[in-house]
Q: 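To start, I am sharing the structure in question, which I have written as structure tokens.
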Protein chains: 2
Amino acid sequence: MSFELSLNTGTTPNLNLHEAVQAAAEAGLSHIGPWRHLISGVGGAEQAEKIISGAGLKASTLCRGGFLTTNSTAGRTEALESNREAIREAATIGANELIMVVGGLPAAAHVLGGQGEGADKDIVAARDRVAKALGDLVPYAAELGVRLVLEALHPMYVADRAVLSTLGQALDLATPYPTSTVGVVVDTFHVFWDPQLQAQIQRAGHEGRLASYQICDFNLPIAHNALQSRGMMGDGYIDFASISRWVAKAGYRGCVEVEIFNEQVNNQAASLTISTMKERYEQLVLPHLNQAAGVLPASAAN
Amino acid sequence: MSFELSLNTGTTPNLNLHEAVQAAAEAGLSHIGPWRHLISGVGGAEQAEKIISGAGLKASTLCRGGFLTTNSTAGRTEALESNREAIREAATIGANELIMVVGGLPAAAHVLGGQGEGADKDIVAARDRVAKALGDLVPYAAELGVRLVLEALHPMYVADRAVLSTLGQALDLATPYPTSTVGVVVDTFHVFWDPQLQAQIQRAGHEGRLASYQICDFNLPIAHNALQSRGMMGDGYIDFASISRWVAKAGYRGCVEVEIFNEQVNNQAASLTISTMKERYEQLVLPHLNQAAGVLPASAAN
């Protein structure tokens, strides 16, 4: 099997882990991508593993590690410890892939409710700190068999969430490390605009680092809470046919995770959200993955 | 003289051309960057030229041409004619530089109040159409001595305003044409996030295409109208010291235009906006331009 659909629990934020697993299983999904707060919500990773496997599901990824840009020594120690905990959780729930959102500028730390860290807006230095911290985490991730999956975020989040902004930059960051320990994710919302996208997806495949494919649409207008501009596939402006073909042609055959932060989608019945995401996936994404992977003749996808 | 401060009239949207020119002159500025609707507001480019030169000012740029992504034949004809008119206006007011915002996806044309153009979300094809239309405009611009200045817009505007998203992509697009006819602009808001920024500014200078430096800050949260997230320098998260040094080191010595779309800034008294932008420019930007240009010793800028 290839291209199994997976429910990222960010898509159904009102469900706890029990409920999300049940909803995914009832919809016939084989995979789920939990966020860490759902793991702690059931008392830890061992309990979470039992809930997931007990329903016959597997974890596609764990969301998320990262936030490695702090310019304080204490903040750095804390961030590394939190990431080591995330690596342990990923290993325990059987997720090979830990999604990494690297963090924004120290000057914007307060935007996400963190401590103020002064006026530091030096993005080059922040990126250097991410590279160094990644080097500190790699041996531990390798030891536990977990892959750190670098996520380039849309540049609208560069100040507060991730100074990692393109797939090419993620691949550059990964270069010093084994492909089994550092990978990259293609998240359509974050990268669809990139003029180098096709080339960098090809490169990611060639370099053996294409670790996850996450999908959702890019809606307009940008939501009042910019994070919630992610839309159901087909509701926005992303060309899923092209990107899905590029991903499959680059050799990706793993899960496809749907991660939608969107006020309307998140607050409707989870069963409706999941059935809609299945339909849209089968209509707008899967045929193009299959065609490019050679599973179907070209005519079947058009 | 180098690095003359210029008032882009987008910063004072409540002023007509007479008022904007007067406000700039009273503040001691030598340059103004008008938008086209202010030109038509005074009856055309010849009248505008008299108003600008009559106050002892010069036009730094004309904003804006572009919107070349349409997928309809009629739309294309109309867009090219509008751009030829913009080229004539730029030549008449003595602006050597016509800023080009290339347009978004046909599927999003309705977002800016245009005609619906179907479901076309093919960004690769839209970029190809921009390249072809640019080729159609270059001979006319060359004839009139106007430089088409390609503006990479922040990727948050890729769907509705500009499929041109990075400075590198702008330089690639410019490559086939003479440097005197096609240039690029560095607008801090649009490009500050780019991991390739330093390298591409250097390249732009090396290739002789660095045609304009526009500044404003990147504010958070992103404004309800995303276009209005541009902030007064110092109010957001941009490292003006680094970018300004890169721009000056790349050989740029032209005007520095302040272009701020921001509800609060735009609605306060224009005199306050202009005096604040002068102060912030002299505090946060100019010392670093001067230092990198060798005008001042390093110690004077720190």
Side-chain angles (χ1 to χ4, degrees), chain A residues 104-108 110-112 119-127 152-166 168-170 172-173 189-198 217-227 229 234 236-243 246 284, chain B residues 104-108 110-112 119-127 152-166 168-170 172-173 189-198 217-227 229 234 236-243 246 284:
Chain A
L105 299 172
H110 65 98
V111 176
L112 292 188
D120 183 351
K121 302 176 187 176
D122 185 341
I123 198 169
V124 175
R127 286 168 169 157
L153 257 59
H154 192 290
M156 76 170 82
Y157 307 125
V158 70
D160 55 345
R161 281 191 172 77
V163 294
L164 178 51
S165 305
T166 66
Q169 185 192 358
D172 290 346
L173 198 51
F189 178 96
H190 292 311
V191 302
F192 80 101
W193 58 270
D194 185 351
Q196 298 185 8
L197 186 58
Q198 183 175 8
D217 216 327
F218 179 88
N219 284 4
L220 287 179
I222 291 168
H224 191 55
N225 173 352
L227 198 64
S229 290
Y237 298 96
I238 293 181
D239 174 6
F240 287 100
S242 296
I243 299 177
W246 299 339
L284 298 172
Chain B
L105 298 172
H110 65 98
V111 176
L112 292 189
D120 183 351
K121 302 175 187 175
D122 185 340
I123 198 169
V124 176
R127 286 167 169 158
L153 256 59
H154 192 290
M156 78 170 82
Y157 308 125
V158 70
D160 55 345
R161 281 191 171 77
V163 294
L164 179 51
S165 304
T166 66
Q169 185 192 357
D172 290 346
L173 198 51
F189 179 95
H190 292 310
V191 301
F192 81 101
W193 59 270
D194 186 351
Q196 298 185 6
L197 186 58
Q198 184 175 9
D217 216 327
F218 179 88
N219 284 5
L220 285 180
I222 291 168
H224 191 55
N225 172 353
L227 198 64
S229 290
Y237 298 96
I238 293 180
D239 174 6
F240 287 100
S242 295
I243 300 177
W246 300 338
L284 298 172

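Just so we're on the same page: letters track the sequence lines, and every chain starts at 1. These figures come from a predicted structure and were not determined experimentally.
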Q: Under a 4.5 Å heavy-atom cut-off, does chain B meet the side chain of A/Asp194, its backbone, both or neither?
A: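 The answer is the backbone of A/Asp194.
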
Q: Identify the heavy atoms of A/Ala107 and A/Lys121 that sit nearest to each other, and give their distance.
A: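 Heavy-atom minimum between the residues: CB-CG, 3.7 Å.
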
Q: Hey, can you pull the donor-acceptor pairs under 3.5 Å for the side chains in residues 153-165 of chain B, sequence neighbours left out?
A:
{"from": "B/His154", "atom 1": "ND1", "to": "B/Met156", "atom 2": "N", "distance (Å)": "2.9"}
{"from": "B/His154", "atom 1": "NE2", "to": "A/Pro155", "atom 2": "O", "distance (Å)": "3.2"}
{"from": "B/Tyr157", "atom 1": "OH", "to": "B/Ala226", "atom 2": "O", "distance (Å)": "2.8"}
{"from": "B/Ser165", "atom 1": "OG", "to": "B/Arg127", "atom 2": "NH2", "distance (Å)": "3.4"}

Q: Under the rule for side-chain contact (heavy atoms from CB on, under 4.5 Å), what residues qualify as partners of A/Ser229, not counting sequence neighbours?
A: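 side-chain contact (heavy atoms from CB on, under 4.5 Å) check on A/Ser229 returns A/Phe189, A/Ile222, A/Ala223.
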
Q: A/Gly236, A/Ala108, A/Gly104: which one forms the most heavy-atom pairs within less than 4.5 Å of chain B?
A: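 Looking at each option in turn, the highest pair count goes to A/Ala108.
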
Q: For B/Gly234 versus B/Phe240, what's the shortest heavy-atom pair and its separation?
A: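 Taking B/Gly234 first and B/Phe240 second, the nearest heavy atoms are N-CE1, 4.0 Å.
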
Q: By a 4.5 Å heavy-atom criterion (distance strictly below it), what part of A/Gln196 contacts chain B: side chain, backbone, both, or neither?
A: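 A/Gln196 touches chain B through side-chain heavy atoms alone.
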
Q: Examine whether an atom of A/Tyr237 lies under 4.5 Å from a heavy atom of chain B, and if so say whether it belongs to the side chain, the backbone or both; otherwise answer neither.
A: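 It is both, since atoms from each part get that close.
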
